[in-house]
Amino acid sequence: MFCIAAFIVLLFMGAVSARYRRYLAKAASCTLRRITFRPCDTTFKQDLKDHMLAPLAVRRPGLVGPASVVLEVVAFLVVLTTIWSGYVVVESAANLYVYGTCNKQDSASCSLGAEACSIPDQTPTFGESLAAWDIVGAFGNDFARLGETFSAIPSRMQNWDAETYLPANASYLNGLDAKKPTALEVIDPGCTYCMELFQNIEEAGFDDRQNLSYIAYPIQSATGYKFPNSLLVTQYLEALRLNPLADAKTPVDWQILKRIYTEENAEGVSWQSVFNSTDATEATTLLQDWAQEFGLSRAQVDTVASVAASTEVARIIADNKTLVEERIHTVKIPSIIFDGRRHDGLVSVGDLD
């Protein structure tokens with residue numbers, strides 16, 4: 001173990017100073033033999049220890065023994081830290097390639113990927129498991145997450161066809177045009193980056209070139225939902241899809257989404273911010289008033305409200321959750337599928353052109 005640790009340290013020190021390079025070849029030879037379970041055929045380990053402990057042997061000979069033990073412990077920690085660092089680098093690189101984030105459990109914390117609202121992983125982190133003295137769980141959960149990432153690599157390389165992932169009751173912003181390709185968003189009505197993506201879509205004229213549809217995915221948290229009224233809005237969107245307004249140029253569910261993402265109230269506050277800060281009663285009133293404004297009768301609004309609270313809508317939301325997590329495999333909201341690719345996180349106007 002000491003030879004391996006010495007090789008790791010000398011590899012870095014030799015890169016900046018020639019004085020250490022004369023030891024590097026011996027350390028490499030000894031390390032190669034050790035990792036192939038053969039004894040070291042040189043006295044490198046003892047020579048290096050003698051060199052390091054010589055000053056102490058002159059001044060305090062009695063401390064040489066304990067210091068030698070300390071060196072072995074430090075060597076073990078160096079090797080362990082190096083192995084763990086390599087594992088983290090591999091894990092982060094795999095996550096970045098597959099999910100567009102180096103941290104699968106909290107995608108928003110990784111600055112290397114596109115901005116997004118993260119879908120949190122509810123399993124304990126490595127640190128949380130260690131803090132709870134669950135050593136087996138700490139390593140088991142981490143290895144399981146890495147296994148999931150590697151198993152999802154083929155999906156990253158596939159040709160993504162948005163039509164394959166459309167929900168059963170899909171609606172389209174500008175209606176369905178058989179001559180246009182299909183694009184599919186995965187959104188949370190309360191996510192700021194979903195609002196920014198929609199604004200980018202309008203600025204780029206993307207919705208004029210694509211049959212744009214969506215899956216509403218309210219992001220869950222440990223205590224409920226990340227944005228307090230996302231589930232309520234999603235329930236109404238799905239109910240409106242099940243009860244579409246006849247002859248509407250733009251589906252009412254899309255009109256509601258567009259208002260949430262692009263408009264402000266009389267005080268100049270975005271409607272998304274209003275929904276993220278108001279209670280469910282006020283949010284329900286707003287949704288019903290807007291539905292009437294967009295053409296529904298009072299009786300139709302009452303029907304939509306009843307359907308929004310039904311088991312049918314609950315099943316649709318659950319099915320969409322499974323679709324997002326198990327087939328689309330995204331951990332970032334928004335995600336959008338178009339031109340044969342899955343784009344995770346906020347997409348710029350230029351990339352939508």
Side-chain angles (χ1 to χ4, degrees), residues 95 98-101 104-105 107-108 114 116-123 144-145 147-173 176 181-191 193-194 197-198 201 210-221 224-227 230-244 251 253-254 256-257 307-308 310-347:
N95 284 332
V98 174
Y99 301 113
T101 176
K104 180 183 174 184
Q105 287 192 283
S107 61
C117 297
S118 60
I119 299 176
D121 187 341
Q122 301 299 330
T123 59
R145 283 190 288 267
E148 290 173 359
T149 299
F150 278 116
S151 67
I153 287 177
S155 69
R156 190 62 178 174
M157 297 184 289
Q158 75 181 45
N159 181 62
W160 287 82
D161 182 2
E163 293 186 6
T164 304
Y165 304 96
L166 287 172
N169 55 335
S171 61
Y172 300 89
L173 177 56
L176 181 61
T182 297
L184 177 66
E185 292 183 282
V186 182
I187 58 170
D188 182 322
C191 175
Y193 300 111
C194 295
L197 175 60
F198 188 83
I201 284 171
Q210 301 268 351
N211 290 316
L212 182 61
S213 189
Y214 69 90
I215 298 173
Y217 178 94
I219 303 173
Q220 291 184 289
S221 67
Y225 288 88
K226 180 171 286 190
F227 306 102
S230 286
L231 176 61
L232 175 66
V233 174
T234 299
Q235 289 170 330
Y236 268 79
L237 294 177
E238 296 298 344
L240 286 164
R241 281 174 151 182
L242 291 172
N243 297 271
D253 57 299
W254 270 109
I256 287 176
L257 270 180
V307 173
S310 68
T311 57
E312 181 180 11
V313 164
R315 178 189 56 78
I316 290 172
I317 294 173
D319 289 345
N320 288 345
K321 181 175 185 292
T322 300
L323 174 60
V324 170
E325 295 175 359
E326 298 183 11
R327 292 186 59 203
I328 297 178
H329 290 296
T330 186
V331 296
K332 301 178 80 170
I333 300 296
S335 290
I336 181 169
I337 300 172
F338 68 94
D339 288 349
R341 286 188 56 199
R342 188 193 76 206
H343 304 257
D344 298 319
L346 179 62
V347 182

Quiz item: Can you check whether Val186 reaches Tyr165 side chain to side chain, under 4.5 Å on heavy atoms?
Solution: no
Quiz item: Looking at Val313 and Ala308, what are the two nearest heavy atoms and their distance?
Solution: CG1-O, 3.7 Å
Self-check item: Check ion pair Arg342-Asp344 (N to O, under 4.0 angstrom)
Solution: yes
Quiz prompt | Contact check, side chains of Thr330 and Lys332, non-hydrogen atoms, under 4.5 Å | solution = yes
Practice problem: Evaluate the ring planes of His343 and Phe338, with Trp represented by its six-membered ring, and classify them as parallel (under 30°), tilted (30 to 60°) or perpendicular (over 60°). | Solution: parallel
Quiz item: Rounded to the nearest 0.5 Å, how far does CG of Leu176 lie from CG of Asn211?
Solution: 5.0 Å
Quiz item: Where is the tightest heavy-atom contact between Leu346 and Tyr193, given as atom of each residue plus distance?
Solution: CD1-O, 3.7 Å
Quiz prompt | Considering all heavy atoms, the nearest Tyr172-Leu166 contact | solution = OH-CD1, 3.3 Å
Quiz prompt | 4.5 Å side-chain heavy-atom contact, Val307 and Ser310 | solution = yes
Quiz item: For Ile328 and Tyr217, what are the C-alpha separation, side-chain angles and deciding distance, and is it a side-chain contact (heavy atoms from CB on, under 4.5 Å)?
Solution: CA-CA 12 Å; Ile328 297 178; Tyr217 178 94; over 6 Å; no
Practice problem: Not counting sequence neighbours, which residues clear salt bridge (charged side-chain N to carboxylate O under 4.0 Å, His left out) with Arg327? List them please. | Solution: none
Quiz prompt | Close side-chain approach of Pro189 to Ile256, heavy-atom, < 4.5 Å | solution = no
Quiz prompt | Check SG atoms, Cys194 and Cys117, less than 2.5 Å apart | solution = no
Quiz item: Do Asp161 and Thr164 pass the side-chain contact (heavy atoms from CB on, under 4.5 Å) test, and can you show the C-alpha distance, the side-chain angles, and the key distance before you say yes or no?
Solution: CA-CA 6 Å; Asp161 182 2; Thr164 304; 3.6 Å; yes
Quiz item: Looking at Ala216 and Thr234, what are the two nearest heavy atoms and their distance?
Solution: CB-CG2, 3.7 Å
Self-check item: Non-hydrogen atoms of Ile201 and Ile336 that approach each other most closely
Solution: CD1-CD1, 4.3 Å
Quiz item: Taking Ser230 for the side chain and Lys226 for the main chain, is one N or O donor matched with an acceptor at less than 3.5 Å?
Solution: no
Exercise. Start with the C-alpha distance between Lys321 and Gln220, add both sets of side-chain angles, then the distance that settles side-chain contact (heavy atoms from CB on, under 4.5 Å), and finish with yes or no.
Key: CA-CA 10 Å; Lys321 181 175 185 292; Gln220 291 184 289; 2.8 Å; yes
Quiz item: Does the side chain of Leu212 reach to within under 4.5 Å of the side chain of Glu185, using non-hydrogen atoms?
Solution: yes
Exercise. Output the distance between atom CD (Gln235) and atom CG (Leu240), rounded to the nearest 0.5 Å.
Key: 12.0 Å
Practice problem: Taking the side chain as every heavy atom from C-beta outward, state whether Cys191 and Phe227 have any atom pair closer than 4.5 Å. | Solution: yes
Quiz item: Will you find, in the side chains of Asp188 and Tyr225, an N or O donor that is under 3.5 Å from an N or O acceptor?
Solution: no
Self-check item: Atom pair CG (Asn169) and CG (Leu237), whose distance is rounded to the nearest 0.5 Å
Solution: 10.5 Å
Practice problem: Determine whether Leu257 and Ile187 make a side-chain contact, defined as any pair of heavy atoms from C-beta on separated by less than 4.5 Å. | Solution: yes
Quiz item: Rounded to the nearest 0.5 Å, how far apart are CD1 of Ile119 and OG of Ser335?
Solution: 7.0 Å
Practice problem: Give the minimum heavy-atom separation between Ser213 and Ser171, together with the two atoms involved. | Solution: OG-O, 2.8 Å
Quiz prompt | Counterpart residues, side-chain hydrogen bond (donor to acceptor under 3.5 Å, both in side chains), relative to Glu163 (two or more places apart) | solution = Thr182
